[in-house]
Amino acid sequence: MRITKKFYIRPATETAPLLLGKFLCRNAEGNVIKRRITETEIYFGEDDTACHARSGVTRRTWPLYEQGGIAYVYLCYGIHNLFNVVTGEKGFPQAVLIRGVEGFDGPGKLTKHMKIDRSLNAVCLVGSNEIWLEDDGFLPKFNATKRIGIDYASEHDRNRLWRFVAEDIT
DNA sequence: AAAGTGATCATG
DNA sequence: ATGATCACTTTG
């Protein structure tokens, strides 16, 4: 069944591991794709030097400050659309980056396959018929590791174990 | 190892 | 208006 609002309104630190195994669902022009999430990463607050919100509210980062349950999609390196799930209460910027789904490892690859782009930025995952998440009760085992691709962040933030990889989903 | 690619943000 | 930066992927 579709994941409801309540699931999203809690800290990304809680939500990120729970998102593993959930189905990311996308309806693009009547074509529905559903795939289990295999890899997630936390971006948490203005004090997290790896988080986009480290510079406060801007034209790009405003969705991070909304109440949990919406999408945050932005263009990375001029080429790749990266998909995040905004979590928590309104006013505290945080999100979970979806880094992989079954069959498609890599945050840019999965968005390409599922036709996710910036037109879905700030879309409500609870109410949209274009993109949403579903839960069938499956809870995979997982490992927590360091985040990837954030060399510019402080050592302290680089060392946080804020990346989660499911073991039993390929 | 390194390019490709363009929105975003800080600076002037 | 301009330039540096960047939560990546692919190619050699």
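Proteins get letters first, then strands, A, B, ... in listed order; numbering begins at 1 in each.
- Using a 4.0 Å heavy-atom cutoff across all strands shown, A:Arg147 reaches no nucleic acid atom at all.
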> Please, what dot-bracket string fits DNA chain B when only Watson-Crick and G-U pairs with both distances under 3.5 Å count, crossing ones use [ ] and pairs to another strand use |?
Replying inline: ||||.||||||.

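- Defined by atom type and a distance below 3.5 Å, a donor-acceptor pair is present between the side-chain atoms of A:Thr87 and A:Gln94.
- By the 6.0 Å and 45° rule, A:Arg99 does not stack over the aromatic ring of A:Phe83.
- The salt bridge (charged side-chain N to carboxylate O under 4.0 Å, His left out) check on A:Asp151 picks up nothing, with sequence neighbours excluded.
- With respect to A:Lys34 and A:Glu134, a salt bridge is recorded, a charged nitrogen being found less than 4.0 Å from a carboxylate O.
- Between A:Asp48 and A:Arg147 a salt bridge is recorded (basic side-chain N to carboxylate O distance below 4.0 Å).
- The side-chain heavy atoms of A:Met1 and A:Asp135, taken from C-beta on, include no pair separated by under 4.5 Å.
- Between A:Arg36 and A:Asp136, at least one side-chain nitrogen of the basic residue sits less than 4.0 Å from a carboxylate oxygen of the acidic one, meeting the salt-bridge criterion.
- Both A:Val123 and A:Leu24 belong to a single network of hydrophobic side chains, linked directly or stepwise wherever heavy atoms of I, L, V, M, F, W or Y lie under 4.5 Å apart.
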> Just by protein heavy atoms under 4.0 Å, how would nucleotides 4-12 of chain C read 5' to 3' in B, S and -?
Replying inline: --BBBSS--

